[in-house]
Amino acid sequence: MPELPEIETIKTGLAPLVEGQMITRAIVRQRKLRWPIPSKLSKILSQQIIHKLGRRGKYLLFYCDRGCLLIHLGMSGVLTFVPQKTKLKKHDHVDICFADGSCLRLHDPRRFGCMLWTDDDPLQHKLLINLGVEPLSKKFNAKYLFMQTCKRNVSIKQLLMNNKIVVGIGNIYAAEILFKTKIHPATCANKLTLSHCNAIVRTTKVILKRAIKAGGTTFRDYRASDGKPGYFQQKLFVYGRQGEACKICDAKLQSIILGQRSTVFCPNCQDRL
DNA sequence: ACATTGACCTGGGAGC
DNA sequence: TGCTCCCAGGTCAATG
């Protein structure tokens, strides 16, 4: 389940491998992803050079000669850089083939991801234009978050996962951020003070940066592997640990459902306001 | 304008 | 063993 740190890690790892590559064709074996892959994708991409990789939220951007390829990995998407002759596995949906015999291969069992093309500025694309601020940018600050929380009647956990407000924070990091800031995930957003918002913002940046660093180390060798990053699992305090002991106070971690998503927290460390 | 719910999809685990 | 059921998750569209 790639969240922002994983996508950033993938971008960093992939950039030196694909930037400057000439695309010869694309092989699409399964078009039905979150949205259908354009039927003329191979024709569009043929003879284009990938100049630069980018990222916006959880979207990977491949800037080419005449437009941009947008890739979202959904829940289960994996990109690998392999020789074109590499044996196919189930759910290997797309190969973007390069002139040197290598290819970028998209594998996505659950098909929640997407691969789309735009001729124009990708940031103006329908799916990207309404995205919220980048959590590692200066726009994500206490004042901004407070402005958002003030007027909203949802749990702070749901707000953090709302990509119209801030992008890239999914179920894993939302839980971890709220644990670190000692805020109960069900706390109504409009109960938070500016000071709480400041703590959330600073913690978010620390945790995401640390995860990017960890992802970088576990991901270095992904060229040969299936590319699954480690989610710096040893460093998770609450996610996936319901019923286990809190690493800080030893209380039993609890799980609740917020916005149809399971949410783990420590009933002792995290106060509800 | 905001909040909520359903839909999409497969693999893996639990339970029988 | 094999079946069924349920869960995981991101995010958009439709509905309230």
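Each chain gets a letter, A, B and so on, in the order its sequence line appears, and its residues count up from 1. Please read all numbers here as calculations on a predicted model, not as lab measurements.
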How many whole angstroms separate atom [atom1] of [X] from atom [atom2] of [N]?
| X | N | atom1 | atom2 | result |
| --- | --- | --- | --- | --- |
| Asn171(A) | dT11(C) | CG | C1' | 13 Å |
| Met161(A) | dT4(B) | CE | C1' | 15 Å |
| Asp92(A) | dT10(B) | CG | P | 15 Å |
| His93(A) | dC9(B) | NE2 | P | 11 Å |
| Asp108(A) | dT10(B) | CG | C1' | 10 Å |
| Leu258(A) | dG9(C) | CG | P | 13 Å |
| Arg111(A) | dA8(C) | CZ | C1' | 17 Å |
| Leu128(A) | dG10(C) | CG | P | 17 Å |

Ignoring the backbone of [X], work out which of [options] is nearest its side chain.
| X | options | value |
| --- | --- | --- |
| Gln260(A) | dT11(C), dT5(B), dA3(B) | dT5(B) |
| Pro109(A) | dA3(B), dG11(B), dC9(B) | dG11(B) |
| Lys151(A) | dT4(B), dT10(B), dC2(B) | dC2(B) |
| Phe112(A) | dG10(C), dA3(B), dG6(B) | dG10(C) |

Is the distance from OP1 or OP2 of [N] to the nearest side-chain N or O of [X] less than 4.0 Å?
| X | N | answer |
| --- | --- | --- |
| Ser76(A) | dC9(B) | no |
| His91(A) | dT10(B) | no |
| Tyr59(A) | dC12(C) | yes |

Which residue, Arg110(A) or Lys164(A), contacts DNA chain C at a nucleotide closer to its 5' end, judged by nearest heavy atom?
-> Arg110(A)
Which comes earlier along DNA chain C counting from the 5' end, the contact point of Ser262(A) or that of Lys58(A), where each point is its nearest nucleotide?
->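 Final value for this comparison: Ser262(A).
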Any side-chain donor-acceptor pair under 3.5 Å between Thr263(A) and Lys157(A)?
->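 The criterion, which ignores hydrogens and geometry beyond distance, is satisfied for Lys157(A) and Thr263(A).
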Indicate whether any N or O donor in one side chain lies under 3.5 Å from an N or O acceptor in the other, for Asp100(A) and Ser102(A).
->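 There is such a pair between these side chains.
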Just to be sure I understand the rule, does [X] reach a base, reach only the sugar-phosphate, or reach nothing, if contact means heavy atoms closer than 4.0 Å?
| X | value |
| --- | --- |
| Leu127(A) | sugar-phosphate |
| Arg261(A) | base |
| Asn153(A) | sugar-phosphate |

Table of protein N/O atoms under 3.5 Å from nucleotides 3-6 of chain C N/O atoms:
none

Kindly indicate, with the supporting measurements, whether the criterion side-chain hydrogen bond (donor to acceptor under 3.5 Å, both in side chains) is fulfilled by Asp65(A) and His51(A).
-> CA-CA 7 Å; Asp65(A) 293 314; His51(A) 292 291; 2.5 Å; yes
Hey, would you say the Tyr59(A) and His72(A) ring centroids sit under 6.0 Å apart?
->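 They qualify: ring centres under 6.0 Å apart.
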What side-chain donor-acceptor pairs closer than 3.5 Å can you find for residues 127-139 of chain A, not counting sequence neighbours?
residue: Glu134(A); atom: OE1; partner: Arg55(A); partner atom: NH1; Å: 3.0
residue: Glu134(A); atom: OE1; partner: Arg55(A); partner atom: NH2; Å: 3.1
residue: Glu134(A); atom: OE2; partner: Arg56(A); partner atom: NH1; Å: 3.1
residue: Glu134(A); atom: OE2; partner: Gly57(A); partner atom: N; Å: 2.8
residue: Ser137(A); atom: OG; partner: Glu134(A); partner atom: O; Å: 2.8
residue: Ser137(A); atom: OG; partner: Lys139(A); partner atom: N; Å: 3.3

Rounded to the nearest 0.5 Å, how far apart are NE2 of His107(A) and OG of Ser76(A)?
->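 One finds 7.5 Å between NE2 of His107(A) and OG of Ser76(A).
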More 5' along DNA chain B: Lys90(A) or Arg34(A), using each one's nearest nucleotide?
->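 Going by which nucleotide is closer to the 5' end, it is Arg34(A).
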Between the main-chain N or O of Lys32(A) and the side-chain N or O of Arg111(A), is there a donor-acceptor pair closer than 3.5 Å?
-> yes
Is a donor on one side and an acceptor on the other found under 3.5 Å between the side chain of Gln270(A) and the backbone of Ile183(A)?
->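 Between the backbone of Ile183(A) and the side chain of Gln270(A) there is a qualifying donor-acceptor contact (under 3.5 Å).
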